[in-house]
Amino acid sequence: MESDNKRKSSNFIYNIIEEDVKNNTFSDNRVHTRFPPEPNGYLHIGHAKAILLNYNAAKKFNGKFNLRFDDTNPAKEDTEYVESIKEDIKWLGADWEDRLFFASNYFDRMYIYAVELINKGLAYVDDLSPEEIKQFRGTLTEPGKNSPYRERSISENLKLFQAMKNGEYKDGSKVLRAKIDMSSPNINMRDPIIYRISRAYHHNTGDKWCIYPMYDYAHPIEDAIERITHSLCSLEFEDHRPFYNWVLSNLDDFKNEPPKQIEFAKLFLTKTIVGKRFLKKLVDDRKVDGWDDPRLMTIAGLRRRGVTAEAIQKFCEEIGVAKSNSTVDIAMFEHFVRDDLKPKVPRCMAVVEPVKLVITNLPEDHLEWLEMKNNQDNEDLGVRKIPFTKEIYIDRDDFMIDPPKKYHRLYPGNEVRLMGAYFVKCHDYILDVNGLVKEIHCTYDPETKSGSGFTGRKVKGTLHWVSAKVNKESEFRIYDYLIDEQPNDKDEESQKYTLNPNSLIIKKGYVESSLSEALPMQRYQFVRHGYFCVDIQNTDTENLIFNLIVSLKSSWKPV
RNA sequence: UGCCGGAUAGUGUAAUGGUAGCACUACUGACUCUGACUCAGUCUGUCUGGGUUCAAAUCCUAGUCCGGCAGCCA
């Protein structure tokens, strides 16, 4: 739809690209984006925004999208993460085609470019210790001081840098720095370090290198080598942009059509922390069941929870993108999850907290197969049969002895509809020794059969139910937010948030017998409850495990 | 006390000098064999003060508030 398209197209990044295309800023009006993760952790919902933004920007302008691992710090990186990241991005639907790259594949060229900078008098080897470098850097309000090694000759720098590469110095004993301006008001321009010595084993290049380029130096080169046009990154790199441009403007290969760095605000969600430290600590402390625990907003966790890639895509499009930090209400995310699942999945009945209901005017061996549509909004999903018997289960909170006003469900003397079946009227109930309702006794009215067109009288409530005789026992994992209150950044930093002790509640109940053969990752709506997904690890069909994806909304508020 | 950003309903985001719109949330009501969905409606907004202009969310100016920056992390 045109208006739809127009609405989606309006964000400041698309506007910049559109302008560049119009002005032919990049030859042939090409557009080329990339997603550059460091393989040091799992991807989460915040990354999804960045991935899809890059991917959609390329797609929108008939451009290309690369996946590039920014693996310039072997101390923190691992192949395990490379694999999980590839899987997650593929699942999200961002297609890098044959353009999978690694920054580490450019190490040779980066070295040569560093030599070029030295030859131009734009880089020097510094022998200052880390502490000294810090001191010489100055502060936010005071300028830095030049290193005593700043004026070494080009030939000496060349020799020293090569020796660094050849492993002649200890880790941390020397660095290569860009020679810019120690008094710059932008600290990132105070002779930033571009190479350090580190003998860490690299997941890709092994022990070939003992010097590694720093992000600020490596990234513009990576982008330029891949001929990226628009290099999107998060807001905290805004201050780094001058150096990004400095690198490219001083390297002969990249003077033409250098990529443009554009910063945007990353995604924050209420009731959610996606910080790497936070996630890693939860996993390490076994507070959650691995990186793909359904309560985590990792891509893997969301996938296992049953959230669809389409829901995430739609959500990421709708939240838009801007330059101001903001926190999106988790309710918005949940809306798109429901919205996506609504027409797609079958609607069935499940009783999560069972209490027995006996239909006293039905014979003991009554078994009637009733036909139900699988999805009222999608006829393609067909119909199924459900067994109706004398004894059934309903959910405990659908019955009250002393109901409050406006309670539409079952109570003594009240009549409700059993979904897909008949009206039942409660005439009695039995309590157990603890005073808890043990059995509800009703009579049914055969004239009120579902689909019969009966209009004799109306009921206010319709209950879901499951036969007590023909059914499937199931486990329901009811998830809630991992954290109750939104912690501020400092809390996240110091791990001061409190975990919700009720983030996972396991309930045992019943589903319709038609779900007996449900397979892992199959999704359903359990009417009046929410959307559920058979757990991926649930290969034992004897014990079905359903993960709550998202509950249905409800305007019913018990007083 | 330095530099760089930012500020539009409760939340997120449009409007590129010309009717402040969309989505989510909340609340009303209608409908309902899901207290869902759907439909109808309501509440609520341009940070502040000046200026330019026929006309300002938009341009200028002075403030206020918020965020980021002093890793050999990215």
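One atom, NZ of A:Lys266, and another, C1' of B:G67, lie 12 Å apart when rounded to the nearest Å. One atom, CG of A:Asp339, and another, P of B:A23, lie 12 Å apart when rounded to the nearest Å. Residue A:Ile180 contributes atom CD1, which lies 19 Å from atom P of B:C3 at whole-angstrom precision. Rounding to whole angstrom units, CZ of residue A:Phe336 and P of B:A23 are separated by 10 Å. The nearest whole Å value for the distance from the CG atom in A:Asn11 to the P atom in B:C22 is 20 Å. For the pair A:Glu236 CD and B:A70 P, the interatomic distance rounds to 11 Å; values are reported in whole Å. Between the P atom of B:G6 and the CG atom of A:Leu235 lies a distance of 9 Å, rounded to the nearest Å. Put simply, CD1 on A:Ile194 is 17 Å from C1' on B:C73, counting in whole angstrom units.
The stacking criteria are not both satisfied for A:Tyr215 over the base of B:A74, which would need a centre-to-centre distance under 5.5 angstrom and an angle between ring planes under 30 degrees.
Sequence order on RNA chain B of the closest nucleotides to A:Lys460 and A:Gly320 puts A:Gly320 first from the 5' end. In terms of position on RNA chain B, the residue among A:Ala331 and A:Pro36 whose nearest nucleotide sits closer to the 5' end is A:Ala331.
In terms of phosphate contacts, A:Arg137 brings a side-chain nitrogen or oxygen within less than 4.0 Å of OP1 or OP2 of B:G71. In this structure, A:Lys174 does not reach the B:C72 phosphate: none of its side-chain N or O atoms is under 4.0 Å from OP1 or OP2. Residue A:Lys134 has a polar side-chain atom (N or O) positioned under 4.0 Å from OP1 or OP2 of B:G71. Using a 4.0 Å cut-off, no side-chain N or O of A:Lys323 falls inside it from OP1 or OP2 of B:A7. Residue A:His464 has no polar side-chain atom (N or O) positioned under 4.0 Å from OP1 or OP2 of B:U34. In this structure, A:Ser555 reaches the B:A36 phosphate: one of its side-chain N or O atoms is under 4.0 Å from OP1 or OP2.
For B:G67, the paired nucleotide is B:C4, the pair qualifying as Watson-Crick or G-U wobble because both relevant distances are below 3.5 Å. The partner of B:C54 is B:G18, judged by Watson-Crick or G-U wobble contacts that both fall below 3.5 Å. The partner of B:U61 is B:G49, by the rule that a Watson-Crick or G-U pair needs both atom distances under 3.5 Å. Under the Watson-Crick and G-U wobble criteria, each requiring two contacts below 3.5 Å, nucleotide B:A30 is paired to B:U38. Across all strands shown, B:U11 pairs with B:A23; the Watson-Crick or G-U wobble distances both stay below 3.5 Å.
Side-chain atoms of A:Lys76 lie closest to B:C73 of the nucleotides B:G68, B:G12, B:C73. Closest to the side chain of A:Ser324, out of B:C69, B:G6, B:A26, is B:G6. Taking every side-chain heavy atom of A:Arg196 into account, B:A74 is the closest of B:A26, B:A74, B:G35. With B:G2, B:U32, B:U34 as the choices, the nucleotide that has an atom nearest any side-chain atom of A:Leu552 turns out to be B:U34. Counting only heavy atoms from C-beta on, A:Ser10 has its side chain closest to B:A15 among B:A15, B:G35, B:A74. Out of B:C72, B:A36, B:A14, the shortest distance to the side chain of A:Ile133 is found at B:C72.
Using a 4.0 Å heavy-atom criterion, one finds that A:His408 contacts the bases of the nucleic acid, with or without backbone contacts as well. A:Arg338 comes within contact range of no nucleotide atom at all, as no heavy-atom separation falls under 4.0 Å. Residue A:Val459 is out of contact with every strand shown, counting any heavy-atom pair closer than 4.0 Å. Among the heavy atoms of the strands lying under 4.0 Å from A:Asn73 are primed sugar atoms or P, OP1, OP2 only; no base atom is included.
Remark: the A:Gln525 side chain and the B:U34 base include a donor-acceptor N/O pair separated by less than 3.5 Å. In terms of polar N and O atoms assigned as donor or acceptor, the side chain of A:Asp329 never comes within less than 3.5 Å of the base of B:G12 in a complementary pairing.
Applying the ring pair (Phe, Tyr, Trp, His ring centres under 6.0 Å) test between A:Tyr212 and each of A:Tyr195, A:Phe107, A:Tyr106 identifies A:Phe107 as the sole match.
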Applying salt bridge (Lys or Arg N to Asp or Glu O under 4.0 Å) to A:Glu19 and A:Lys22, what does each step give before you reach the verdict?
CA-CA 5 Å; A:Glu19 210 44 33; A:Lys22 202 191 295 171; 3.5 Å; yes
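Residues A:His219 and A:Pro36 come closest through the heavy atom pair CE1-CB, 3.5 Å. Across all their heavy atoms, A:Val307 and A:Ile312 have their closest contact at CG1-CG1, 3.8 Å.
Anti is the classification of B:G29, since its glycosidic angle lies more than 90° from 0.
In this structure a side-chain-to-backbone donor-acceptor pair under 3.5 Å is present from A:Asp191 to A:Asp181. Of the possible polar contacts, one joining the A:Arg190 side chain to the A:Arg137 backbone as a donor-acceptor pair under 3.5 Å is found.
Taking 4.0 Å as the cut-off between side-chain N and carboxylate O, A:Arg457 and A:Asp445 count as a salt-bridged pair.
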